[in-house]
Amino acid sequence: MMFIRLWLFFAGVLATLFLGWAALVGVPGMQLASVAPQQGLRPYTYEQMHGRQIYIREGCAYCHSQQTRAEGFGSDQQRRWGRASVPGDYVYDRPHLLGTSRTGPDLWNIGARQPSRSWHLTHLYNPRSVVRESVMPPFPWLFVEKTEAGPEDVMLDVPPAFRPRAGVSIVATREALDLVEYLLGLDHTYPVAPGAGKP
Amino acid sequence: MQPPAEEQAPDRLASRQELDRAAALPVLLYFGSGIAWLLAGTLLGVAASLKFDLPDWLGTIAQLTYGRIRPAHLNVMAYGWASLAGAGCLVWLTSRLCRVPIRRPEWLIASVLLWNLGVAYGALSILLGYSQSVEWLEYPLPAAGIIAAAFLLFASSILATFRARKVEHLYVSLWYIMASVVWFPPLYVVANLPIYTGVVHGAVNWWYGHNALAVWFTPVGLTLAYYFIPKVIGRPIYSYYLSLIGFWAFALFYNWNGIHHLVGGPVPTWLQTISIIASVLMVIPVMAVAVNHHMTTIGNFRMLRTSPTLRFTVFGAMSYTAVSFQGSMEALRTMQEVVHFTHYTVGHAHLGVYAFLTMILFGAMYYITPRVAQWNWTRPGWIKAHFWLSAGGVLLYVAAMVVGGFLQGLAMNDAAKPFVEVVDLTRPYLTARTVSGILMGAGHLVFALLFVEVVLRRGPRRLAPPWEAGGAG
């Protein structure tokens, strides 16, 4: 080539890619392979896993992070969003949903912060029915309208202004209920096991 | 060192026309489908932005909820528009720089078809709810596999052309092209493997997310700037040795940048630190490239008025310097504490992928299209309008997101401010973004119409090279 042999050029180019992989993926992968689940962390239930799939499908991760920062870095601690998260909190997460945006608040401990199922359901049906200034999208397709709700149905307490028409009940589907199960399960407020903090 | 000069000797001119004709069909297919994705991606982007202004607009259609059209926008723009347009430019440029007709054109045509299939499959999957929800890697595995196959076909045509080259000296643009066609396939395949869990998956995500820029999108932009700035101005690149330093420093440092997307997160601190250091070290290749590009341009600014290619390319090269320095600063912990998780990052991304890469792609396409189509651009006034709509649009975009995002970050770090106040504060900036998106979209529409006119041969026939015919190259 212009300055070295051609094979050396291609070898060098591939080596730079490999070095970057080794540093950012290979070594951390080995270091974190032995991370045990935090004591207090429970595997997702079937309903929560299903709810997590809805969370993924609707792209919640584009506005909500699932990682809490330590004291002295941002206001997560003052806002009581929960202690700084550690790798052992995430061992059941696949795909990861760490997120890079807080257009809405962090959700890593939303289950502890807002434990009301009916609040979450109404909020998902139309966020502005409970938080006037919200810019979050509504998710009406997770609900059905019924004129006569059955005994098993979970009905929503939606303010009249947000109902499609008077006299109908808004009933949560399995998808809405499982999504809320997942959100309520996002509770990582248990203490970090000694020595199991961030490497 | 100089790209092969546009000598006026008739045999050289004839041979260049021969090269352009051989590349015509694949290049126009890459360009045409790239532009179609640009229009689709613009619609998705403007709609996503508008949803902040009107959160209940289209609020009952699941397929068009924000969390689906936003990733669809990113993927359509990255893998549809920028990748297809970029691949078309590289096909043409490789043939020109190696002085041989492009090899395996039928593989390129297969590549275009597969690529479009993959992008469409992936985008529809996201809208229909089958996203992987991993940024830059949302496409389901079959779609990613199709795109990987399309890229391999493209890469093998490029490498075959390179092997058949009839030149001794390899111009700097060729280094970037050869590097990116061997870098991208392993990166894309390894990142898509469904084997990662927890925070390691986060690390893989951002190793990929930043490296997609490092090994594909940025080399495409740089290789075109390295070619077209000296080419149009007609003087050699400022310093050969700076291009060498720039290239190898770029290859070494850029690969280590990714974890600056997880600063303050649950990944090991040492890992965040090396990515921050590498981000700052990027100043070295960026300085080298900046000095090379800008010193070549300096003293020739009046040519920006006459050559649309140069105007777009120089705007892009300046944006590259700006976005790179911004990125190096942004990676520092002090800055990340404020701007991580805010719209600031989105502003930075558009300064890179739009103000730098997309503008350079426009510039290159203004040069290449009439040469391969053998037909000249019509309406120079429209080309001007396209430039100002795109340039003005993206400057407004970046200004709104950078200022709005920074204020958002400061407010978020003030625990006394309720979260809804932080949301409220960003509204005017998000509205400005919607306006900027409409401006850029108008520019894209103008560009698409111009392209269609050339392909349909509506304008003047290209009989003579541009220095005689006064063409718009």
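Computed from heavy atoms alone, side chains included, the values below leave out hydrogens, waters and symmetry copies.
Interface check for chain A: of the options B/A416, B/A214, B/S131, B/A62, the most heavy-atom pairs under 4.5 Å are formed by B/A62. Between chain A and the residues B/V134, B/V423, B/L430, B/L271, the most heavy-atom pairs under 4.5 angstrom are made by B/L271. Of all the listed residues (A/R79, A/Q53, A/Q77), the one sharing the greatest number of non-hydrogen pairs under 4.5 Å with chain B is A/R79. Per-residue heavy-atom pair counts under 4.5 Å with chain A were compared for B/V338, B/L128, B/T60, B/T334, and the maximum is reached by B/T60. If you tally non-hydrogen atom pairs under 4.5 Å between each of B/D56, B/L252, B/L262, B/V200 and chain A, the highest count goes to B/D56. Of the listed residues (A/A61, A/A15, A/G59), the greatest number of heavy-atom pairs within a distance under 4.5 Å of chain B belongs to A/G59. When B/P194, B/A203, B/A278, B/G258 are compared by the number of non-hydrogen pairs under 4.5 Å with chain A, B/P194 comes out ahead. Of the listed residues A/T68, A/V27, A/I54, A/V25, the one with more heavy-atom pairs under 4.5 angstrom with chain B than any other is A/V25. Residue with the most contacts toward chain A among B/H261, B/K417, B/E421, B/K51: B/K417 (heavy-atom pairs, distance under 4.5 Å).
Heavy atoms of A/L98 lying under 4.5 Å from chain B belong exclusively to its side chain. Heavy-atom distances place the backbone of B/I195, and not its side chain, under 4.5 Å from chain A. With a threshold of 4.5 angstrom between heavy atoms, B/I61 approaches chain A through N, CA, C or O but not through any side-chain atom. Interface remark: A/V91 contributes backbone atoms only to the contact with chain B (heavy atom separation under 4.5 Å). If you measure heavy-atom distances from A/F18 to chain B, you find no contacts under 4.5 Å at all. Neither the backbone nor the side chain of B/A48 comes within less than 4.5 Å of any heavy atom in chain A. Looking at B/V190, the atoms closer than 4.5 Å to chain A (heavy atoms on both sides) all sit in the side chain, from C-beta outward. If you measure heavy-atom distances from A/T100 to chain B, the contacts under 4.5 Å come from both the backbone and the side chain. Heavy atoms of B/S275 lying under 4.5 Å from chain A belong exclusively to its side chain. Both the backbone and the side chain of A/A23 come within contact range of chain B, with heavy atoms under 4.5 Å apart. When heavy atoms are compared at a cutoff of 4.5 Å, B/V215 approaches chain A solely by way of its side chain, counted from C-beta outward. Only the side chain of B/W206 comes within less than 4.5 Å of a heavy atom of chain A; its backbone N, CA, C and O stay farther away.
Here NE2 of A/H64 is found 13.0 Å from CZ of B/F341. Values are rounded to the nearest 0.5 Å. How far CG of A/L24 is from CG of B/N211: 7.5 Å, rounded to the nearest 0.5 Å. Atom CG in B/L74 sits 8.0 Å away from atom OH in A/Y62 (nearest 0.5 Å). Rounded to the nearest 0.5 angstrom, B/N255 CG and A/L17 CG are separated by 5.0 Å. Remark: A/W81 CH2 to B/F419 CZ distance equals 5.0 Å, nearest 0.5 Å.
Atom CZ of B/R333 has more than 12 heavy atoms from other residues, nucleotides or ligands within 6.0 Å. With a 6.0 Å radius and a threshold of 12 heavy atoms from other residues, nucleotides or ligands, A/Q39 has its CD atom at or below the threshold. Around CZ of B/R427, the count of heavy atoms belonging to other residues, nucleotides or ligands within 6.0 Å exceeds 12. Other residues, nucleotides and ligands place no more than 12 heavy atoms under 6.0 Å from the OH atom of B/Y241. Within 6.0 Å of the CZ atom in A/F10, the count of heavy atoms belonging to other residues, nucleotides or ligands exceeds 12. The environment of CZ in A/R94 is crowded: more than 12 heavy-atom neighbours from other residues, nucleotides or ligands sit within 6.0 Å.
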Verdict with supporting geometry, A/L97 and B/S133, side-chain contact (heavy atoms from CB on, under 4.5 Å)
CA-CA 8 Å; A/L97 295 171; B/S133 199; 3.8 Å; yes
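Scanning residues 133-149 of chain A against chain B with a 4.5 Å non-hydrogen threshold yields A/E133, A/S134, A/V135, A/M136, A/P137, A/P138, A/F139, A/P140, A/W141, sorted by number. By a heavy-atom distance cut of under 4.5 Å, A/S101, A/R102, A/T103, A/G104, A/P105, A/N126, A/R128 are the residues of residues 101-130 of chain A near chain B, going up by number.
Side-chain contact check for A/P28 versus B/I259: every heavy-atom pair is 4.5 Å or farther apart. A heavy-atom distance below 4.5 Å is found between the side chains of B/W270 and A/Q31. Proximity of B/Y66 to A/C63: side-chain heavy atoms (C-beta onward) are separated by under 4.5 Å at one or more points.
Smallest separation of non-hydrogen atoms from B/A251 and A/T16: O-CB, 3.2 Å. Among all heavy-atom pairs drawn from B/V199 and A/P87, the shortest one is CG2-CB, 3.8 Å. In terms of heavy atoms, B/W248 sits closest to A/G12 at CZ3-C, 3.9 Å. Here the closest heavy-atom approach between residue A/G72 and residue B/E337 is recorded as O-OE2, 3.6 Å.
No donor-acceptor contact under 3.5 angstrom links the side chains of B/H201 and A/D93, judged on distance only.
In terms of modelled atom types and a separation under 3.5 Å, the side chain of A/R69 and the main chain of B/V263 share no donor-acceptor contact. In terms of modelled atom types and a separation under 3.5 Å, the side chain of A/R57 and the main chain of B/I126 share no donor-acceptor contact.
Across B/Y176, B/W175, B/F247, B/F162, a single residue satisfies ring-ring contact (aromatic ring centres under 6.0 Å, His included) together with A/F9, and that is B/F247.
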